[in-house]
Amino acid sequence: MTTIPILFMGLLALPSPWLARRFGRHGVLLVFLMLLFVSMSARTFAPNVSMPLLTTAGEGAGIAMAGTRHSACNLHNGTLNGDEIVNAFIKLRKQSGVLSSLLLVSIAMTASFPLASMATFAETVSQPSPGKDAVPDDYFHTGAGARYLRRADADLVVEPLRGNITVLMGSGGNITVLSGKEGKFLVDAGIIKSQEKVQAALDKISPAPMKYMVNTHWHWDHTDGNAWMHAAGATIVAQKNTLRHLTETTHVNAWNWTFDPVPAGARPTLIVDNKKTFIFDGTRIEVENFGRGHTDGDLWIYCKQADVLALGDTFWNGFYPYIDNEDGGDINGAIEWANKAVAVTTDHTIVIPGHGAVGTRAQLIEFRDMLVAVRNNVTALKKQGKSLDEIIAAKPTAAFDAKWGNFVFNGSQFTKMVYDGLQ
Ligand SMILES: [Zn+2]
C-alpha cells in the first residue's frame, strides 16, 4: 500500500517544471488545486473509488479523473473542457508574478499527500479482504454457541432446590439434577467444555453415580456433554426426533452451521415417543412430548413429588427464546407448550427454564403472554400484506424489548423467528 502514496507524489511532482514553463507558476498551482478538488469530489460521490488515475490531455490542460470503479466518478471523466482550462491558465499567467519552482514542487508534494492517502483509503474500503482478525458469522464464532463457550470459562452457578433437586447453570443450557440413593437423574448434558466443572458439582452433591440423563431436545448446548455422561454411566433418554437430529447431519441456516452426527456413545438409547414415566428413587418423574414447540423433539420432565417442572428450551425465563423453525419448531407450537405448562403448574411449582433463572408459574405465564402478543402483532401485520422487512420496521415487539430483548436475541431477531414460524 505504501507504493501508492509514493506513486502519486511522483506523478504530481514530475510534470511541475513543464507545467510551469507552459502555463506559468499560478497555472501549476491551479492544476494541483483542481486535482485536489476533483479527487475530493470523487471521494464524496464515489466512496468505493479504488484509485484516481491522473492524466493530462491535449495541450496539457485537460484533466480528467478516470480508472475508477464507480460510475458516478464518470461525471468527472472527460467533462472538464480543455480549452477553457487553457484560457484560464493564460489569463492567470498574464496576471501572475514570479513563484519559485521550489515552491511549486512543495505545493505539488503537499497536494499529493491528501490525494495519495485518499487513494489508499479508497482502495482499503473497496476491497474488504478477510484478514487474520476477521470473524466468521456463525453459531460458534458470533452466535449463541460462542456466547455459551465464553460463559463456560466462568464458574457454574449451583442452585439447590427442594426434593434433592439442584440446578447447574453456566454450561450451555441449564442442567437439572435429581440425586437419590439410587443414583442421579439428570436433565440435559450441558457442553463438554465444562465437563470438569459439572463433574465436580455433581460429586459435591453426592457420590451417587449418574443413572439417567434426559435430553430436552437436540441442540448442542443441551447435548454436547452426552458422550462423557454416557461414559460415566448415564443412559441417555430423548424423544425420537432428537435421536434423529443427533444421528443425521443437521444444517441450521439461522446459525450458519452444520452439525455432524454425534458418536455412537453420545446417542440416546432410551427413546420416548409421547410419554414415559420413571419411578426413580421412590419419586415419580413424568417425561412428556406435546408435538411441535421449540423443536420437533422437545421433552419436559416433571418431578411430581417435588413439584418441579424442567421445561428445556420451551421456556426462557425473561428472554426472547430461540425457536428452531428449521427443525420442527414454530411460534404456535411454542405457545401450545407454554399453555400446557401453565395448565399443569400451580404457584407452588418450581419451573426450570432451558435458559435464565429458575422461575415460577407467574413468570411462565408472563412468557406465554409475551409469545401470544408478539405472535398476534406479527400475524396482524402479515395480514396487511407487509413484507418481513416492513414487519420488523413496525416493531411488533416494542412493548417487550426492554425486558425480553437483552440476552441472545433482540426484538428484530425474535420478530423474524415468529414470522418464519407463521409461513
Ligand atoms: Zn434449544
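Just so you know, ligand 1 is whichever comes first in the structure, and atom 1 is the first atom listed for that ligand. Residues: numbered from 1 along the sequence shown.
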Under 3.5 Å donor-acceptor, E286 side chain and T277 backbone: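 Judged by distance alone, no pair lies under 3.5 Å.
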Contacts of type side chain to side chain contact (heavy atoms under 4.5 Å, CB included), residue D224, not counting sequence neighbours: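 Listed in chain order: I191, I192, W220.
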Sequence-distant partners of D420, side chain to side chain contact (heavy atoms under 4.5 Å, CB included), two or more places apart: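 Result, side chain to side chain contact (heavy atoms under 4.5 Å, CB included) vs D420: N325, K416, Q423.
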Salt-bridged, D281 to K211, with N to O below 4.0 Å?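 No, D281 and K211 are not salt-bridged.
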Those residues that, when tested against Y302, pass side-chain hydrogen bond (donor to acceptor under 3.5 Å, both in side chains) (two or more places apart):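 Only D307 meet the side-chain hydrogen bond (donor to acceptor under 3.5 Å, both in side chains) criterion with Y302.
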Under 2.8 Å from the Zn ion (ligand 1), protein N/O/S atom count?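 There are 4 of them.
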Cation over ring face, R147 and F407, 6.0 Å, 45°: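 So R147 does make the cation-pi contact.
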